[in-house]
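Written below as structure tokens is the structure these notes are about.
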Amino acid sequence: MKPLIVLLLSFTISIFIIKIIKKEYDFALSARIAMSIMLLFTAIGHFAFTKGMSMMIPKIIPFKESIIYLTGIFEILLALGLIIPKFQIVSGWALIVFFLLMLPANIYASLNYVNYQKGTFDGNGLIYLWFRIPLQFLFIIWAYISAIRIFE
């Protein structure tokens, strides 16, 4: 829920700031800025909640904490890539793949009631997926429209 709030709030603020600076609306740029801010926000979680996030990865996968750190760094790089025009499209595609790859971790976490912030197994369970799966697809569509197929 927090990433969605950050995304929408950042988008709204970006729209008005860009309107003031450029004297016109630039929805695609505002959307990329918002996605970048959200990615930076979620990347912080990879470093602040490493133990809990590593619990979202199935036990058979080794080097869980390293994967969490690497995905946090990857989110930061994608956030920067969305803002740099030269890297915008490749970052958009990488972000879509990234969101698709994160979906199994979210499913695993919900099936095992992982609470990544506390690092415990008392999370929301399957109820979490009713929100998370549509949210994941919103992020994918958002990345596609704002970075790859820009509608202006």
Side-chain angles (χ1 to χ4, degrees), residues 1-22 24-57 64-110 113-119 123-152:
M1 183 68 160
K2 291 175 191 171
L4 178 61
I5 293 168
V6 170
L7 182 70
L8 296 176
L9 188 59
S10 300
F11 180 66
T12 304
I13 293 169
S14 295
I15 284 174
F16 292 113
I17 291 174
I18 289 171
K19 171 70 171 160
I20 291 167
I21 293 170
K22 292 175 72 175
E24 63 184 359
Y25 293 106
D26 189 338
F27 293 105
L29 177 59
S30 298
R32 287 192 305 278
I33 290 170
M35 179 63 75
S36 294
I37 292 169
M38 188 216 55
L39 287 169
L40 294 173
F41 174 77
T42 57
I44 292 168
H46 289 250
F47 303 100
F49 305 114
T50 307
K51 178 185 176 228
M53 286 192 146
S54 66
M55 294 168 63
M56 296 174 71
I57 301 172
K64 289 179 188 59
E65 287 191 6
S66 296
I67 291 170
I68 298 304
Y69 288 130
L70 286 173
T71 54
I73 292 168
F74 192 59
E75 285 186 2
I76 293 167
L77 292 174
L78 288 173
L80 296 173
L82 285 174
I83 300 302
I84 301 170
K86 182 178 177 180
F87 300 111
Q88 166 188 320
I89 293 173
V90 71
S91 296
W93 282 116
L95 195 54
I96 289 169
V97 170
F98 180 73
F99 286 140
L100 289 171
L101 291 173
M102 293 299 103
L103 197 51
N106 285 303
I107 292 169
Y108 178 85
S110 69
Y113 294 87
V114 173
N115 183 329
Y116 76 90
Q117 289 182 333
K118 292 181 183 176
N124 293 327
L126 291 174
I127 294 169
Y128 173 72
L129 289 181
W130 288 107
F131 178 74
R132 187 58 196 204
I133 290 175
L135 180 64
Q136 205 79 358
F137 285 110
L138 170 69
F139 291 160
I140 290 167
I141 292 166
W142 191 289
Y144 181 75
I145 290 173
S146 68
I148 299 163
R149 177 146 179 140
I150 301 169
F151 297 101
E152 296 195 51

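The shown structure was predicted, so the numbers you read here are calculated from the model rather than taken from an experiment.
Within 6.0 Å of the CZ atom in Phe131, the count of heavy atoms belonging to other residues, nucleotides or ligands exceeds 12. The number of heavy-atom neighbours closer than 6.0 Å to CD1 of Ile84, taken from other residues, nucleotides and ligands shown, is above 12.
Closest of all the heavy-atom pairs between Ala31 and Ser146 is CB-CB, 3.4 Å. Shown here for Ile57 and Lys64, the closest heavy-atom pair between the two residues is O-CE, 3.3 Å. Considering every non-hydrogen atom in both Met56 and Ala109, the closest pair reads CG-CB, 3.7 Å. Residues Met38 and Phe139 share a closest heavy-atom pair of SD-CZ, 3.4 Å. Closest of all the heavy-atom pairs between Tyr108 and Met55 is CE2-O, 3.5 Å.
For the atom pair Glu65 CD and Met53 CE, the distance stands at 12.5 Å (nearest 0.5 Å). The line from CD1 of Ile89 to CG of Leu82 is 11.5 Å long, rounded to the nearest 0.5 Å. Between the CG atom of Asp26 and the NZ atom of Lys19 there is a distance of 11.5 Å, given to the nearest 0.5 Å. Rounding to the nearest 0.5 angstrom, the gap separating the CD atom in Glu75 from the CE atom in Met102 is 8.0 Å. Taking CE from Met1 and CG from Leu135, the interatomic distance works out to 9.5 Å, rounded to the nearest 0.5 Å. A distance of 11.0 Å separates OG in Ser91 from CD1 in Ile96, rounded to the nearest 0.5 Å.
Counting heavy atoms from C-beta on, the side chains of Ile73 and Phe47 come closer than 4.5 Å. By the 4.5 Å heavy-atom criterion applied to side chains, Ile17 and Ile33 are not counted as neighbours. Taking 4.5 Å as the limit, every side-chain heavy atom of Ile76 sits out of range of all side-chain heavy atoms of Leu39. Counting heavy atoms from C-beta outward, Leu95 and Met35 have side chains that approach closer than 4.5 Å. Using a 4.5 Å heavy-atom cutoff, the side chains of Tyr128 and Asn106 are in contact.
His46 places no side-chain N or O within donor-acceptor distance of the main-chain N or O of Tyr69, the cut-off being under 3.5 Å. Checked by atom type and distance alone, the side chain of Asn115 pairs as donor or acceptor with a backbone atom of Lys118 at under 3.5 Å. For Gln136 (side chain) and Phe99 (main-chain N/O), a donor-acceptor pair under 3.5 Å exists by modelled atom type. Between the Arg32 side chain and the Ala147 main chain, no donor and acceptor come within less than 3.5 Å of each other. A donor-acceptor distance shorter than 3.5 angstrom exists from the side chain of Ser36 to the backbone of Ala79, with no hydrogens or angles considered.
Residues satisfying the side-chain contact (heavy atoms from CB on, under 4.5 Å) test with Ile133, not counting sequence neighbours, are Leu103, Leu129, Phe137.
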Output side-chain donor-acceptor pairs under 3.5 Å for residues 3-15, partner residues at least two apart or in another chain, one line each.
{"from": "Ser10", "atom 1": "OG", "to": "Val6", "atom 2": "O", "distance (Å)": "2.7"}
{"from": "Thr12", "atom 1": "OG1", "to": "Leu8", "atom 2": "O", "distance (Å)": "2.9"}
{"from": "Ser14", "atom 1": "OG", "to": "Ser10", "atom 2": "O", "distance (Å)": "2.7"}

